[in-house]
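Working notes for the structure below.
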Amino acid sequence: MAPQGQPASVPDDGLTTRERRDRPLLIVHTGDGKGKSTAAFGLALRAWSQGWPVGVFQFVKSAKWRIGEERALGVLADSGEGGHVDWHKMGSGWSWVQGRVDPDGDPAAAAEGWAQIRRDLAAETYRLYVLDEMTYPLRWGWLDVAEVVDTLRTRPGRQHVVVTGRAAPQELLDAADLVTEMTKIRHPMDAGQKGQRGIEW
């Protein structure tokens with residue numbers, strides 16, 4: 001039997017316990033700390049194990065990059081067990097410039113990626129969507145925040161969505177059911193250490 005969390009309060013919303021428990025969630029992982037995408041891919045592993053179809057949409061990372069989670073989820077998806085996993089890369093890469101992400105990618109690729117997500121949401125293609133680093137094209141004005149938030153808020157069926165990235169817009173935070181802020185206390189990059197295999201990718 002699965003562990004059962006106990007809510008702090010039960011709203012008077014007319015829903016049964018099961019209806020309330022199975023309500024689809026909009027989740028945001030934001031903040032300056034490490035682990036936002038890693039936590040989202042952890043959710044993808046859980047979704048895969050439940051047999052859910054999973055769609056991963058990476059908005060900033062380059063299509064040339066091969067990250068560990070992509071390989072692992074691909075192997076699992078091909079195993080014949082669990083759910084199907086599709087991996088979409090819309091970015092041309094990013095670089096750190098004085099502690100921030102440099103917006104030198106492709107706005108058109110981000111717009112097409114979002115158009116595909118809208119189509120998939122309308123068709124209820126996946127049970128879990130990982131919208132990785134999506135806060136950046138929202139911050140840079142490549143995507144319309146109000147339109148994105150409205151689409152995510154009104155999505156049909158039982159589709160869970162997790163959005164990752166620093167400085168999530170307030171409108172997205174207000175619409176989310178679950179928000180986690182990763183707070184950086186210390187990071188090896190602060191001491192001049194570059195990212196390393198098995199930790200960052």
Side-chain angles (χ1 to χ4, degrees), residues 23-47 54-62 65 67 69-70 87-122 126-156 158-187 189-190 195 200-201:
R23 189 171 55 88
L25 300 176
L26 174 56
I27 302 166
V28 177
H29 297 168
T30 193
D32 291 338
K34 178 175 168 53
K36 297 177 287 294
S37 297
T38 304
F41 294 135
L43 285 176
L45 285 173
R46 288 179 176 173
V54 176
V56 177
F57 296 82
Q58 290 191 291
F59 274 87
V60 182
K61 295 184 175 78
S62 170
W65 291 7
I67 65 169
E69 294 95 341
E70 178 184 4
W87 203 286
H88 309 273
K89 295 182 183 180
M90 287 78 68
S92 58
W94 54 260
S95 59
W96 287 98
V97 178
Q98 296 179 349
R100 65 181 174 83
V101 175
D102 184 30
D104 59 357
D106 184 357
E112 176 50 37
W114 171 241
Q116 181 60 52
I117 291 165
R118 290 187 64 186
R119 291 189 290 269
D120 285 330
L121 286 168
Y126 304 108
R127 280 290 301 277
L128 176 69
Y129 296 73
V130 177
L131 309 186
D132 188 39
E133 311 285 9
M134 189 181 186
T135 63
Y136 296 109
L138 291 171
R139 284 173 51 198
W140 297 332
W142 294 357
L143 302 174
D144 181 82
V145 174
E147 192 268 332
V148 167
V149 169
D150 183 64
T151 299
L152 295 178
R153 183 186 285 130
T154 60
R155 67 196 184 280
R158 294 175 59 198
Q159 302 178 97
H160 301 277
V161 178
V162 56
V163 179
T164 75
R166 295 181 180 210
Q170 189 61 49
E171 299 95 320
L172 179 61
L173 298 178
D174 291 344
D177 302 290
L178 192 164
V179 177
T180 298
E181 182 176 6
M182 309 294 189
T183 302
K184 186 185 81 166
I185 304 299
R186 185 178 298 112
H187 196 290
M189 286 186 179
D190 297 337
E200 269 73 36
W201 71 91

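In what follows, every heavy atom counts, from backbone to side chain, and hydrogens, waters and symmetry copies are set aside.
- Every residue two or more places apart in sequence or in another chain that forms a side-chain contact (heavy atoms from CB on, under 4.5 Å) with Ala146 is listed here: Asp144.
- Residues Leu43 and Ile27 have side chains in contact (heavy-atom distance under 4.5 Å, counting atoms from C-beta outward).
- Looking at heavy atoms from C-beta onward, Leu26 lies in side-chain contact with Arg155 at the 4.5 angstrom threshold.
- With hydrogens and angles ignored, the 3.5 Å screen pairs a side-chain donor or acceptor of Tyr129 with a backbone N or O of Asp120.
- Inter-residue side-chain proximity for Leu178 and Val162 is flagged as unmet; no heavy-atom pair is nearer than 4.5 Å.
- Atom OG1 of Thr151 is separated from atom CD1 of Ile117 by 10.5 Å, given to the nearest 0.5 angstrom.
- Residues Met134 and Trp114 meet the side-chain proximity criterion, which asks for heavy atoms closer than 4.5 Å.
- Taken from CZ in Phe59 to OG1 in Thr164, the straight-line distance is 10.0 Å, to the nearest 0.5 Å.
- Using a 30° and 60° split on the angle between ring planes, His88 and Phe57 fall in the parallel class, below 30°.
- Checking side-chain atoms of Gln159 against main-chain N and O of Leu121 turns up a donor-acceptor pair under 3.5 Å.
- Within the 4.5 Å cutoff, no side-chain heavy atoms of Val28 are placed close to those of Thr180.
- At most 12 non-hydrogen atoms from other residues, nucleotides or ligands lie less than 6.0 angstrom from CZ of Arg186.
- Side-chain contact between Trp87 and Val54: absent, with no pair of heavy atoms (C-beta onward) separated by less than 4.5 Å.
- With rounding to the nearest 0.5 angstrom, the CD atom of Glu69 is 5.5 Å from the OG1 atom of Thr38.
- The distance from the CG atom of Leu172 to the CG atom of Leu152 is 7.0 Å, given to the nearest 0.5 Å.
- Checking each of Thr135, Val179, Asp132 against Val163 for a side-chain contact (heavy atoms from CB on, under 4.5 Å) leaves exactly one that passes, namely Thr135.
- A donor-acceptor contact shorter than 3.5 Å is absent between the side chain of Lys36 and the backbone of Met182.
- Minimum interatomic distance between Ser37 and Glu133 (heavy atoms only, all atoms of both residues): OG-OE2, 3.8 Å.
- Within the 3.5 Å criterion, the main-chain N or O of Arg158 finds a donor-acceptor partner in the side chain of Arg127.
- The minimum heavy-atom distance between Ala110 and Leu143, with the atom names listed, is O-CD2, 3.8 Å.
- Contact check on Glu112 versus Arg119 returns a salt bridge, with a Lys/Arg side-chain nitrogen under 4.0 Å from an Asp/Glu carboxylate oxygen.
- Between the side chain of Thr30 and the main chain of Ala168, a donor-acceptor pair closer than 3.5 Å is present.
- Of the residues listed (Val148, Asp150, Leu138, Val149), the one engaging Glu171 in a side-chain contact (heavy atoms from CB on, under 4.5 Å) is Val149, and it is the only one.
- Evaluation of the salt bridge (Lys or Arg N to Asp or Glu O under 4.0 Å) rule for Arg23 yields Asp177 as partners, not counting sequence neighbours.
- Rounding to the nearest 0.5 angstrom, the gap separating the CG atom in Asp32 from the NE2 atom in His187 is 11.0 Å.
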